[in-house]
Amino acid sequence: MSMVLVRHRVRSYAAWKKGFDGLKGMRRRAGEKSYRIYHIDREDDHLLLLFEWESHGSAQEFFESTELEEALEEAGVMEPPEVYYLDLVEKGALS
């Protein structure tokens, strides 16, 4: 499994979310397993997304695709997204 962190700004969260949901099948076929959406600093248009993917390679192929680039533009993403491919170094829990 691979984790991907994405940050971007959108014109309208509601319009963006509709576009995001419309890509569900494409995302699943590309290897996405799960996602979380966060607002940064309580700003509805400033998003941080955390995805779990089958592999680093499938995630990178998806996030670098022209199909995704076109979908982001249609959904109202205002700037190129920042995409980070994360490698787990350590995991722990406090008791």
Side-chain angles (χ1 to χ4, degrees):
M1 295 294 164
S2 183
M3 301 299 288
V4 180
L5 184 71
V6 177
R7 186 202 68 79
H8 57 213
R9 288 190 180 274
V10 297
R11 285 187 189 90
S12 158
Y13 177 78
W16 172 86
K17 183 66 165 75
K18 184 177 178 182
F20 180 81
D21 290 344
L23 297 175
K24 190 176 197 176
M26 182 176 83
R27 295 181 358 242
R28 184 182 296 124
R29 287 188 302 278
E32 181 184 321
K33 295 298 188 186
S34 67
Y35 69 90
R36 293 180 181 180
I37 301 171
Y38 300 90
H39 292 292
I40 299 175
D41 295 328
R42 297 185 179 154
E43 295 179 32
D44 289 349
D45 68 338
H46 198 184
L47 304 178
L48 190 68
L49 300 96
L50 182 61
F51 297 95
E52 183 177 7
W53 285 77
E54 287 179 355
S55 70
H56 176 96
S58 64
Q60 190 168 12
E61 185 177 321
F62 176 80
F63 285 103
E64 293 178 2
S65 71
T66 55
E67 188 176 16
L68 178 62
E69 185 178 330
E70 292 167 3
L72 292 176
E73 189 174 319
E74 282 182 33
V77 174
M78 296 170 33
E79 57 192 28
E82 294 177 20
V83 179
Y84 301 93
Y85 303 98
L86 307 177
D87 295 317
L88 181 64
V89 175
E90 185 173 329
K91 182 178 178 179
L94 302 179
S95 54

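When reading the values below, keep in mind they use all heavy atoms of this one structure, side chains included, and skip hydrogens, waters and symmetry mates.
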Checklist entry - Can you find a pair of side-chain heavy atoms, one from V4 and one from Q60, that are under 4.5 Å apart? => result no

Checklist entry - Is there a path from V83 to W16 through hydrophobic residues (I, L, V, M, F, W, Y) whose side chains come within less than 4.5 Å of each other? => result yes

Checklist entry - Roughly how far apart are L47 CG and R9 CZ, rounded to 0.5 Å? => result 9.5 Å

Next on the checklist: Do Y38 and L5 sit in one hydrophobic cluster, given that two such residues count as connected whenever their side-chain heavy atoms are within less than 4.5 Å of each other, even indirectly?
Outcome noted: yes

Item to check | From CG (D45) to OG (S12), nearest 0.5 Å | outcome: 9.5 Å

For residues 68-79, tabulate all N or O donor-acceptor pairs below 3.5 Å that involve a side-chain atom, not counting sequence neighbours.
from, atom 1, to, atom 2, distance (Å)
E79, OE2, R7, NH1, 3.3
E79, OE2, R7, NH2, 3.0

Checklist entry - CG of L86 to CD of E52: how many Å apart, nearest 0.5 Å? => result 11.5 Å

Next on the checklist: For D21, run the side chain to side chain donor-acceptor pair (under 3.5 Å) check against K17, K24, K18 and tell me which one passes.
Outcome noted: K17

Checklist entry - Can you name the nearest heavy-atom pair linking H8 to P81, along with the distance? => result ND1-CB, 3.6 Å

Checklist entry - Heavy atoms, side chains only, cut-off 4.5 Å: are Y13 and I37 in contact? => result yes

Checklist outcome for this item: For A30 and S58 the tightest heavy-atom approach is O-CB, 3.3 Å

Checklist entry - Which value, rounded to the nearest 0.5 Å, describes the distance between H39 atom NE2 and L48 atom CG? => result 11.5 Å

Item to check | From W53 atom CH2 to R27 atom CZ, the distance as rounded to the nearest 0.5 Å | outcome: 7.5 Å

Checklist entry - Are L23 and V10 joined in one hydrophobic group, where the rule is that I, L, V, M, F, W and Y side chains link up if heavy atoms are under 4.5 Å apart? => result yes

Item to check | Distance, nearest 0.5 Å, that separates NZ of K33 from CE of M1 | outcome: 5.5 Å

Checklist entry - Is any side-chain heavy atom of V6 closer than 4.5 Å to a side-chain heavy atom of E82? => result no

Checklist entry - Is the distance between the ring centroids of F51 and F63 less than 6.0 Å? => result yes

